[in-house]
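Quick caveat, the model's predicted, so the values are computed rather than measured. Side chains are part of it too, since the values below use all heavy atoms of this structure and drop only hydrogens, waters and symmetry mates. Proteins get letters first, then strands, A, B, ... in listed order; numbering begins at 1 in each.
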Amino acid sequence: MMSAVSAPFCFSRLRVDWVSAALSFHRKISSSNPTIWPREEQEVQRFAEDRHLFGVTQSGKLAALCYLAARDRAWEIGGLVVDETVGRLGIGTMLIQFTLANVLVFDQPWAEKEELIAYVHDDNQAPRKLIDNLGFEFVGKATFPAPPSMKRDAAGNVTGDKFRFAVEGLHRLYAWLLQFNGTLRGGERAVFDLGRHSLEDFKNALREMTIQYPRP
Amino acid sequence: MTTTLAAETSRESLLTTLRERTASVDLRDDKEFHRILLEAKRLLEISDSDISEVFLVTRPTVNRWVNGKNLPHPAMRKPIFTWVNEELSHKLNNLKRGGSSRGSGGEAGYMGEMVARSR
């Protein structure tokens, strides 16, 4: 008797044809969580057109999502949402690692004195451990005018913490990629859509970067 | 007729020269990466979007490469040069067969073929 093998979780940059699913997925979570910045349809569309929308899919269904917003000499990773039915598999962590690796090897932000950053709402505790484990460091407080669906102060602003991806994070990222064996925490299969590049290319690039940026 | 033949010969020569450069390029030479990318775009008549489709990177990323900023890490460049080399060979073969250098389906057809070949 053949055993049922579930389809792998595929990590990739999502194409434009995922916009509708990505928007529903994002809204489902942001509408019930006032600490997540709600993105408009045009923004999600633009992220996808620019291939700045990173996702995890399984059998044609989204399991996790995040985006990359490049502005003001900084690359912001944000909007991480994971389907609750696949929680605790480490998908969110791996998606951020996949995104970080992509930016570091294809855009070399540090060579241009650009930062990789993330913002976390004061009342959002969920991603803090993940951010710390990945090697982001606290930079300072940040305040922005925010949409009404978010938890805001009397002036209509949200306050949160700004984090910056640090050299220590690069070393952890490389260590993770070296030991990646094609599975998630629970043994589920995970594949990366890397186009014409290979995992070895990524490992070589990150290895050289760890030499270029040694641990302080 | 003579002018067309001369133009084709000159084009063939440019394609061949660029193909040779992609085969022996120093991956750490940022300026050469930038120059080859610009020439490949011109000779292959491809856009930033075409390149981003092939390498699954963002359009702004390719745009920065083209502008000489935020270049890919040297360890990531070999597959890019290999692809350019393959596309130049494909175009040269088309030229030598006397067909359209853009393939049988016009511009859209060529792009479709190109992305399909890259998969």
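- Heavy-atom contacts from other residues, nucleotides or ligands closer than 6.0 Å to NZ of A:Lys28 number 12 or fewer.
- Taking every heavy atom of both residues into account, B:Thr58 and A:Arg13 meet most closely at CG2-NH1, 2.9 Å.
- Annotation: A:Lys141, atom NZ; neighbour count of heavy atoms from other residues, nucleotides and ligands within 6.0 Å is above 12.
- Shown here is A:Arg88, whose CZ atom has no more than 12 heavy atoms of other residues, nucleotides or ligands within 6.0 Å.
- Within the 4.5 angstrom heavy-atom criterion, no atom of B:Lys78 approaches chain A.
- Under a cut-off of 6.0 angstrom, the local environment of CD in A:Glu84 is sparse, with at most 12 non-hydrogen atoms contributed by other residues, nucleotides or ligands.
- Proximity to chain B is limited to the side chain of A:Trp75, based on heavy atoms less than 4.5 angstrom apart.
- Looking at B:Thr82, the atoms closer than 4.5 Å to chain A (heavy atoms on both sides) sit in the backbone and in the side chain alike.
- Nearest approach of B:Asn70 to A:Pro109, heavy atoms of both residues: ND2-CA, 4.0 Å.
- Atom CD of B:Glu53 sits about 4.5 Å away from atom CZ of A:Arg15, to the nearest 0.5 Å.
- B:Ile80 contributes atom CD1, which lies 4.5 Å from atom NE2 of A:His197 (distance to the nearest 0.5 angstrom).
- Here the CG atom belonging to A:Asp107 is positioned 5.0 Å from the CZ atom belonging to B:Arg64, to the nearest 0.5 angstrom.
- In A:Gln212, the CD atom is crowded: over 12 heavy atoms of neighbouring residues, nucleotides or ligands sit closer than 6.0 Å.
- With rounding to the nearest 0.5 Å, the separation of CZ in A:Phe106 from CG in B:Leu56 is 8.0 Å.
- For A:Gln108, the parts lying under 4.5 angstrom from a heavy atom of chain B are both the backbone and the side chain.
- Separating the CG atom in A:Asp201 from the CZ atom in B:Arg77 is a distance of 13.0 Å, to the nearest 0.5 Å.
- The two residues A:Arg196 and B:Pro79 come nearest to each other via the heavy atoms O-CB, 3.8 Å.
- For a residue to count as touching a neighbouring chain, one of its non-hydrogen atoms must lie under 4.5 Å from one of that chain's; by this rule A:Leu194 touches chain B with the backbone only.
- At a 4.5 Å heavy-atom cutoff, the contact between A:Glu114 and chain B is made by side-chain atoms alone.
- With values rounded to the nearest 0.5 angstrom, B:Ser49 atom OG is found 10.0 Å from A:Arg51 atom CZ.
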